[in-house]
Amino acid sequence: MAFQKAVKGTALIGGGAIATVFGLSQFSQYRNKHGTLVHVQAAEAVPVPMKSHFPTREQQILALQTTSEFDVLVIGGGATGCGCALDAVTRGLKTALLERYDFSSGTSSRSTKLIHGGVRYLQKAIMKLDFEQYRMVKEALEERANLLEIAPHLSAPLPIMLPVYKWWQLPYYWIGIKLYDLVAGSQCLKSSYVLNKSRALELFPMLRKDKLVGAIVYYDGQHNDARMNLAIALTAARYGAAMANYAEVLHLLKRRDPAGGKERVCGVRCRDVLTGQEFDVKAKCVINATGPFTDSVRKMDDQKVPNICQPSAGVHIVMPGYYSPGNMGLLDPATSDGRVIFFLPWEKMTIAGTTDSPTDVTSHPIPTEEDINFILSEVRNYLSADVEVRRGDVLAAWSGIRPLVTDPSSKDTQSISRNHVVSISESGLVTIAGGKWTTYRAMAQDTIDAAIQAHDLKAGSSKTIGLQLQGAENWSPTLYIRLVQDYGLESEVAQHLASTYGGKAFEVAKIAQVTGKRWPVVGKRLVSEFPYIEAEVVYGVKEYARTAVDMISRRTRLAFLNVQAAEEALPRIVDIMGRELNWSEQKKKEELEAAKKFLYYEMGYKVKSDQLTDRSEISLGPSDIERYKKRFHMFDKDKKGFITILDVQRVLESISMQIAENTLHDILSEVDLNKNGQVELNEFLQLMSAIQKGHVSGSRLAVLMKTAEESLRRRGVIPVDRSGGGL
């Protein structure tokens, strides 16, 4: 009956029929290009053997310095760059890759974590009868299937709910989503379906109930983007590519072609960022795969070339896991300003985003308070009034730069290409730009095809369809059980290791430290509420991690999940890395400060600080102010107007409680705005005011002082674990 009411002579059905024909016209060709995904056949087709282990970074640098000439040299260690290196090396080409920072340090680690075709692009393709956009969606859905197949430990299908609040929208969205399934064809992850109101609320109880008509659920993929990028890089290294992070390209090398007299790019001058050593890397073909920095490399080739990259910033926030069901995402198809917002479970937390606004190209994009509040506002529109969406529940926030491009070969240079663009300059520099995470493999294939043709390289066709990535071999959904049984790891830690390292999880488990407890036997956590263990830091160094930022943001994902937890883990991480990399005390101090700066500016800690400053307004009623003053003076017995670690220790001793001094220092420093080692009355009142307004949550000092006040009467226990409060 609902459908009969909704579909009252609407012309949308006619549009849907046209779109259906549009989809069917291409369906017969679907998947013909690539055939069946068979891992064994894919691996056997590669003309070079795969090593059991990847070389050390020092060995990779040596290979770059001593190889007389590579066939292909890729600049850029994001998903596309690493994809190009893997595609080239598995065709038998002698391949190298240089990345100025760390693998996936840019846009590739700051995505929405989706592997998708793009529902909104399909909508535009249908509405505007845009075949180019349709082809992009079709290719992305094809690549989605491949990516889920070649890295099952890092990716999985995710159901996404599209709530419907108007009857007429039900058939409109249903037709669009069914077309999405149709275009996916045999690689449709699972058929979409319609839910009535009660069933939708059962699956997503946080959803706003009033005026809800029903919902449509469809499936896309989700992955751990930075670890996926790293898996591509490590796989290329195991096949023989010389892959080096922290290797900066200073300028391009050129030689004059004796045949035509033109200058041709023949390599690069680069610098090992870690040692300062400079050297040349020669190559028959140089590929520019630098994402937002595309134009800077193009201008190394020709200063007069016009810019083609139009960078756009996308901000995401992370909130506690209780904001969404554990296995159901949400799509807001039309925000207040016409954008699309995803609300997705990820790593037991909730991701919300993204925004889309013009930006300058920078290596260190910063999330803004305006963007964070926009996302929170949109989230409030879709969640029940029973769920208080608090600013203080933002655990992390980041900005990624999406490299939208104009096609340099197009007559209309102002039009943005939603697909990727491969161009070759007069000097032979190959540039790959645009596209999306999901289609990195197809982009790489097109790039290497173009490079082979332009530079007359001797190589066959691409071998990366169905080629398993690092960790996929020997992985199974029950692998974590063996880790628990064989090594004595906690179940949560074992599941994390299996879903991060796949079949290589045993290598991490083997180096895990004994805890000295009855259970778990091995696996010391870096922070109590996350399953990351100290052995991962040791293993991360083997995976080319060279800075503390590499470890908290890309080998583990702590910085993306909870910046306060990441900051807590930093001292131990730096100690372990210092031991593995022979850092001096000065170097360890520098790494600690650099990582804190990264958290402060790039991961949202700054906007957290801005919520509680010495200029923050105190909006408490007279009775609340009096109550909080009494609580404060319980600690400030001498009426100094401030409290220190000694004051807190004295109160805790009076109730027979002991807390480590470094823990107390961390607790007070969260509120110590002027960083003078003490918390003043005004700072405490600002904290309590911010908590009441929802700008700050989970303050350990507030919890400790409240519980101490009660415990002085009842002699209770004071909890000091971080409660999960956010930015």
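Keep in mind the model is a prediction, meaning the values are calculated, not measured. Numbers for residues simply follow the sequence, beginning at 1.
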Practice item. Run the numbers on Arg110 and Ile401 for side chain to side chain contact (heavy atoms under 4.5 Å, CB included), then give the verdict. Key: CA-CA 8 Å; Arg110 306 177 190 224; Ile401 300 178; over 6 Å; no

Check your understanding: Would Leu489 and Val522 count as a side chain to side chain contact (heavy atoms under 4.5 Å, CB included) if you check the C-alpha gap in whole Å, the side-chain angles of each, and the deciding distance to 0.1 Å?
Key -> CA-CA 6 Å; Leu489 288 160; Val522 300; 3.7 Å; yes

Exercise for review: Take Leu497 and Ile533 through the side chain to side chain contact (heavy atoms under 4.5 Å, CB included) test and state the conclusion after the steps.
Suggested key: CA-CA 9 Å; Leu497 293 181; Ile533 60 175; 4.2 Å; yes

Practice item. Start with the C-alpha gap between Asp446 and Ile432, add the side-chain angles, then the distance that decides, and say whether side chain to side chain contact (heavy atoms under 4.5 Å, CB included) holds. Key: CA-CA 9 Å; Asp446 291 348; Ile432 170 67; over 6 Å; no

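Under the 4.0 Å criterion applied to side-chain N and carboxylate O atoms, Glu543 and Arg554 are not assigned as salt-bridge partners. A salt bridge links Lys587 to Glu591: at least one charged side-chain nitrogen sits closer than 4.0 Å to a carboxylate oxygen. The pair Arg579-Asp575 fails the salt-bridge criterion, with no side-chain N (NZ, NE, NH1 or NH2) lying under 4.0 Å from an Asp/Glu carboxylate O.
The two atoms that bring Arg144 and Thr438 nearest to each other are N-CG2, 3.8 Å, heavy atoms only. The two atoms that bring Val74 and Ala85 nearest to each other are CG2-N, 4.1 Å, heavy atoms only. Between Lys542 and Phe54, the shortest heavy-atom distance links the atoms O-CE1, 2.9 Å. Minimum interatomic distance between Ala535 and Ile511 (heavy atoms only, all atoms of both residues): O-CD1, 3.7 Å. Nearest heavy-atom pair across Cys82 and Met243 is SG-CE, 4.1 Å. Between Leu483 and Ala505, the closest heavy-atom pair is CD1-CB, 3.8 Å.
Counting heavy atoms from C-beta outward, Lys436 and Glu139 have side chains that stay 4.5 Å or more apart. Side-chain contact between Asp225 and Phe560 is absent, with no heavy atoms from C-beta onward closer than 4.5 Å. Counting only heavy atoms from C-beta outward, the side chains of Ser109 and Asn229 never approach each other to under 4.5 Å. Counting only heavy atoms from C-beta outward, the side chains of Phe103 and Leu234 never approach each other to under 4.5 Å. For the pair Asp332/Phe343, no side-chain contact is recorded, criterion being any heavy-atom separation below 4.5 Å from C-beta on. You'll find the side chain of Leu98 reaches within 4.5 Å of the side chain of Leu73, heavy atoms only. Residues His364 and Phe598 fail the side-chain proximity criterion, which asks for heavy atoms closer than 4.5 Å. In this structure, Tyr532 and Val527 have side chains that are not in contact, with every pair of non-hydrogen atoms separated by 4.5 Å or more.
Rounding to the nearest 0.5 Å places CD1 of Ile287 at 9.5 Å from CG of Leu97. Note that CD1 of Ile351 is 12.5 Å distant from CE of Met319, once rounded to the nearest 0.5 Å. Distance NZ/Lys596 to CG/Leu570: 7.5 Å, rounded to 0.5 Å. Atom CG of Leu376 and atom CD of Glu369 lie 8.0 Å apart (nearest 0.5 Å). Here the CD1-CG distance, from Ile160 to Leu330, works out to 9.0 Å after rounding to the nearest 0.5 Å. The structure places OG of Ser111 at 9.5 Å from CG of Asn224, a figure rounded to the nearest 0.5 Å.
In terms of modelled atom types and a separation under 3.5 Å, the side chain of Trp437 and the main chain of Ser108 share a donor-acceptor contact. Of the possible polar contacts, one joining the Asp295 side chain to the Ile308 backbone as a donor-acceptor pair under 3.5 Å is found. Between the side chain of Asp371 and the backbone N or O of Pro367, no donor-acceptor pair lies under 3.5 Å. A side-chain donor-acceptor contact under 3.5 Å links Arg57 to the backbone of Tyr246. Between the side chain of Gln470 and the backbone N or O of Lys504, no donor-acceptor pair lies under 3.5 Å. For Thr556 (side chain) and Met551 (main-chain N/O), a donor-acceptor pair under 3.5 Å exists by modelled atom type. Judged by distance alone, with hydrogens and angles left aside, the side-chain atoms of Arg227 form a donor-acceptor pair with the main-chain N or O of Arg555 at under 3.5 Å. A donor-acceptor pair is defined here as one N or O able to donate and one able to accept, closer than 3.5 Å; no such pair exists between the side chain of Arg402 and the backbone of Ala313. A donor-acceptor contact shorter than 3.5 Å is absent between the side chain of Ser399 and the backbone of Pro365. A donor-acceptor contact shorter than 3.5 Å is absent between the side chain of Thr350 and the backbone of Leu344.
Cation-pi geometry between Arg100 and Phe293 is satisfied (NZ or CZ under 6.0 Å from the ring centre, within 45° of the ring normal).
A side-chain N or O of Thr464 and one of Arg441 form a donor-acceptor pair less than 3.5 Å apart. Side chains of Arg546 and Asn245: no donor on one and acceptor on the other come within 3.5 Å. In this structure, a donor-acceptor pair under 3.5 Å is present between the side chains of Thr112 and His316. Using modelled atom types and a 3.5 Å distance limit, the side chains of Thr290 and Asn288 yield a donor-acceptor pair.
Aromatic ring pairs are classed by plane angle as parallel below 30°, tilted from 30° to 60° and perpendicular above 60°; the pair Tyr501 and Tyr539 is perpendicular. The aromatic rings of His153 and Trp475 are tilted relative to each other, their planes meeting at an angle between 30° and 60°.
With a 6.0 Å radius and a threshold of 12 heavy atoms from other residues, nucleotides or ligands, Glu593 has its CD atom above the threshold. Around CD of Glu507, the count of heavy atoms belonging to other residues, nucleotides or ligands within 6.0 Å exceeds 12.
No option in Glu536, Glu347, Glu490, Lys348 other than Glu536 meets the side chain to side chain donor-acceptor pair (under 3.5 Å) test with His496. Applying the salt bridge (Lys or Arg N to Asp or Glu O under 4.0 Å) test between Arg525 and each of Glu568, Glu492, Glu534 identifies Glu492 as the sole match.
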